[in-house]
Amino acid sequence: MANWSSPPPAPLLLHLGLLSLLLPALSAAAAIRHGLIRKPSADIPAFREAPAFRNGDACGGGGGGGGRRIHVTMTLDSNYLRGTVAAVLSVLQHATCPEDVEFHFLWARFDRGVLSTIRSTFPGLNFRVYRFDSNRVRGKISKSIRQALDQPLNYARMYLAEIIPQDVKRVIYLDSDLVVVDDIARLWTVDLGGRVLAAPEYCHANFTSYFSGEFWSDPGLARTFEGRRPCYFNTGVMVVDLERWRGGEYTRRMEAWMAVQRRRRIYDLGSMPPFLLVLAGEIKAVDHRWNQHGLGGDNLEGLCRGLHPGPISLLHWSGKGKPWLRLDSRRPCSVDHLWAPYDLFRISSTHSLEG
């Protein structure tokens with residue numbers, strides 16, 4: 001159970017003109033450590049201990065009682081650990097009931113340093129860790145437009161229903177290159193309407209561009225979306241009904257498309273196209289505020305991009321450019337300064353919250 005000590009701020013319903021003003025500074029409060037925590041190894045980044053958060057009065061008893069538990073799933077590895085820590089902090093900081101949030105981390109192999117970092121940075125955090133067997137996808141992955149998209153752990157989101165325990169019926173999946181600036185409970189309680197997955201849809205995007213000319217020129221493949229109105233959705237933020245997923249053989253269907261890709265080269269973007277092939281036009285649409293994506297630019301150059309108009313509940317640096325790398329290089333984009341307040345990395349002198 002989490003051991004937090006100060007109530008979170010009210011949910012931030014942000015508009016563009018107020019965004020930079022409303023992101024709060026981190027509290028100076030520190031959580032009480034419980035027991036001895038192993039020191040992270042030298043090759044794992046060192047992080048400051050996160051502020052402590054406790055359920056507000058409206059939450060009733062602490063610890064997710066009464067079926068209030070919110071399950072959040074993320075991947076966990078040393079390369080993106082800095083982003084993961086920032087994302088976890090953002091979820092807790094803006095949650096009305098942070099003690100009700102339980103994290104389910106997926107990693108490709110046991111890493112004592114990474115585990116020690118999570119424990120020491122977030123003492124008392126509700127979390128579980130599961131191993132994702134990379135061999136499950138290693139022979140199925142084909143080269144994509146960017147090497148980072150080819151990593152086996154990037155495909156773990158297809159196997160959530162097999163990895164997460166049966167008693168967990170629903171999860172929110174989050175990428176590690178984002179921050180949440182609203183109460184995560186608002187996303188958790190979205191009505192799926194009998195669908196297996198909910199996410200923001202972007203029907204203005206050129207859907208045909210996500211698949212190759214070979215795909216669209218083959219009459220059999222092109223009929224894949226008949227009877228549907230497919231729209232692009234980003235798989236970095238999803239609410240997933242695990243029970244429906246288990247019953248619908250969605251993993252097997254996505255693996256079948258990965259096998260086609262190995263033979264025919266029908267797409268270029270890693271794990272996302274199989275989701276589109278199976279689920280585009282069949283998901284529950286969520287307000288766009290829950291995935292202000294593309295802040296990392298495109299997949300080749302990662303050039304700076306501005307924010308889209310409208311309220312914001314989640315900022316997502318999908319694309320090649322990651323905010324911690326651009327900040328460290330002293331060539332940040334303006335939106336990267338919105339990520340910086342959640343950065344707990346110790347050697348972060350130019351944009352840290354502590355002197």
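For Arg326 (side chain) and Arg331 (main-chain N/O), no donor-acceptor pair under 3.5 Å exists by modelled atom type. Arg48 places a side-chain N or O within 3.5 Å of a backbone atom of Phe345 that can act as its donor or acceptor partner. When atom types are taken as modelled, the side chain of Arg82 and the backbone of Asp343 share no donor-acceptor pair closer than 3.5 angstrom. Remark: the backbone N or O of Ile118 is not paired with any side-chain donor or acceptor of Thr121 at under 3.5 angstrom. Here the side chain of Gln261 pairs a donor or acceptor atom with the backbone of Tyr267 at under 3.5 angstrom. Side-chain atoms of Ser318 come within 3.5 Å of backbone atoms of Gly294 as a donor-acceptor pair (strictly under, hydrogens ignored).
Side-chain contact between Trp245 and Val171: absent, with no pair of heavy atoms (C-beta onward) separated by less than 4.5 Å. Within the 4.5 Å cutoff, no side-chain heavy atoms of Leu174 are placed close to those of Thr73. Side-chain contact check for Asp175 versus Leu178: some heavy-atom pair is nearer than 4.5 Å. Within the 4.5 Å cutoff, no side-chain heavy atoms of Asp268 are placed close to those of Ser212. Residues His71 and Trp188 have side chains in contact (heavy-atom distance under 4.5 Å, counting atoms from C-beta outward). Side chains of Tyr342 and Val85 form no contact here, defined as non-hydrogen atoms less than 4.5 Å apart. For the pair Leu115 and Phe127, the minimum side-chain heavy-atom distance is below 4.5 Å. Using a 4.5 Å heavy-atom cutoff, the side chains of Val181 and Leu314 are not in contact.
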- [ ] Verify salt bridge (Lys or Arg N to Asp or Glu O under 4.0 Å) between Arg136 and Glu162, making sure each step is shown before the conclusion.
- [x] CA-CA 12 Å; Arg136 184 70 190 266; Glu162 298 180 9; 2.6 Å; yes
TODO: Step by step, work out the side-chain contact (heavy atoms from CB on, under 4.5 Å) result for Leu315 and Leu307.
DONE: CA-CA 9 Å; Leu315 296 154; Leu307 297 170; 3.7 Å; yes
Task: Full working for side chain to side chain donor-acceptor pair (under 3.5 Å) between Asp336 and Trp317 - done: CA-CA 9 Å; Asp336 298 339; Trp317 279 261; 2.9 Å; yes
Open item on the list: Please determine whether ring-ring contact (aromatic ring centres under 6.0 Å, His included) holds for the pair Trp107 and Phe110, giving the CA-CA distance in whole Å, both sets of side-chain angles, and the decisive distance to 0.1 Å.
Closed with: CA-CA 7 Å; Trp107 60 10; Phe110 176 80; 5.5 Å; yes
- [ ] Could you please spell out the steps behind the side-chain contact (heavy atoms from CB on, under 4.5 Å) verdict for Phe211 and Trp216?
- [x] CA-CA 7 Å; Phe211 302 97; Trp216 294 113; 3.6 Å; yes
Task: Criterion side chain to side chain donor-acceptor pair (under 3.5 Å) on Ser90 and Trp339, from CA distance to verdict - done: CA-CA 9 Å; Ser90 72; Trp339 179 88; over 6 Å; no
Open item on the list: Quick one, Phe215 with Leu277, criterion side-chain contact (heavy atoms from CB on, under 4.5 Å). Give me CA distance, side-chain angles, the key distance, then yes/no.
Closed with: CA-CA 11 Å; Phe215 176 88; Leu277 287 161; 3.7 Å; yes
TODO: Start with the C-alpha gap between Asn291 and His316, add the side-chain angles, then the distance that decides, and say whether side chain to side chain donor-acceptor pair (under 3.5 Å) holds.
DONE: CA-CA 6 Å; Asn291 196 350; His316 186 189; 3.0 Å; yes
TODO: Go through the steps to decide whether Arg170 and Glu243 satisfy the test side-chain contact (heavy atoms from CB on, under 4.5 Å), and finish with yes or no.
DONE: CA-CA 8 Å; Arg170 171 190 287 211; Glu243 285 191 304; over 6 Å; no
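Legend: residues meeting ring pair (Phe, Tyr, Trp, His ring centres under 6.0 Å) with His288, ordered by chain and number and at least two apart, are Tyr202. Residues satisfying the side-chain hydrogen bond (donor to acceptor under 3.5 Å, both in side chains) test with Asn79, not counting sequence neighbours, are none. Applying the side-chain contact (heavy atoms from CB on, under 4.5 Å) test to Asp191 and every residue at least two apart in sequence or in another chain returns nothing.
The distance from the CG atom of Leu76 to the CG atom of Asp111 is 8.0 Å, given to the nearest 0.5 Å. In this structure, CG in Leu153 is found 9.5 Å from CZ in Arg109, a value given to the nearest 0.5 Å. For the atom pair CD of Gln292 and CZ of Arg305, the computed distance is 11.5 Å after rounding to the nearest 0.5 Å.
We find that Arg186 and Asp287 are not joined by a salt bridge, their nearest charged nitrogen and carboxylate oxygen being 4.0 Å or further apart. Between Arg128 and Glu102 there is a salt bridge, since a side-chain N of the basic residue sits under 4.0 Å from a carboxylate O of the acidic one. For the pair Asp177 and Lys322, the salt-bridge criterion is met [side-chain N within less than 4.0 Å of a carboxylate O]. By the 4.0 Å N-to-carboxylate-O rule, Asp218 lies close enough to Arg264 to be salt-bridged with it. Under a 4.0 Å N-O distance rule, the pair Arg229/Glu282 does not qualify as a salt bridge.
A ring-centre distance under 6.0 Å is not found for Tyr232 and Phe207. Aromatic ring centres of Tyr130 and His104: separated by under 6.0 Å. Ring to ring, Tyr159 and Phe132 are close: their centroids are under 6.0 angstrom apart.
Among all heavy-atom pairs drawn from Val237 and Trp290, the shortest one is CG1-O, 3.5 Å. Closest of all the heavy-atom pairs between Val180 and His94 is O-CD2, 3.0 Å. A pairwise comparison of heavy atoms in Leu279 and Met254 identifies CD1-CE, 3.9 Å as the closest pair. Taking each heavy atom of Arg228 and Ala280 in turn, the nearest pair found is NH1-O, 2.7 Å. Scanning all heavy atoms of the two residues, the minimum distance from Ile164 to Leu106 falls at CD1-CD1, 4.2 Å. Minimum interatomic distance between Asn55 and Arg68 (heavy atoms only, all atoms of both residues): ND2-NH2, 4.1 Å.
Open room surrounds CG on Asp57; 12 or fewer heavy atoms of other groups in view lie less than 6.0 Å from it.
Arg157 and Thr235 share a side-chain donor-acceptor pair at under 3.5 Å.
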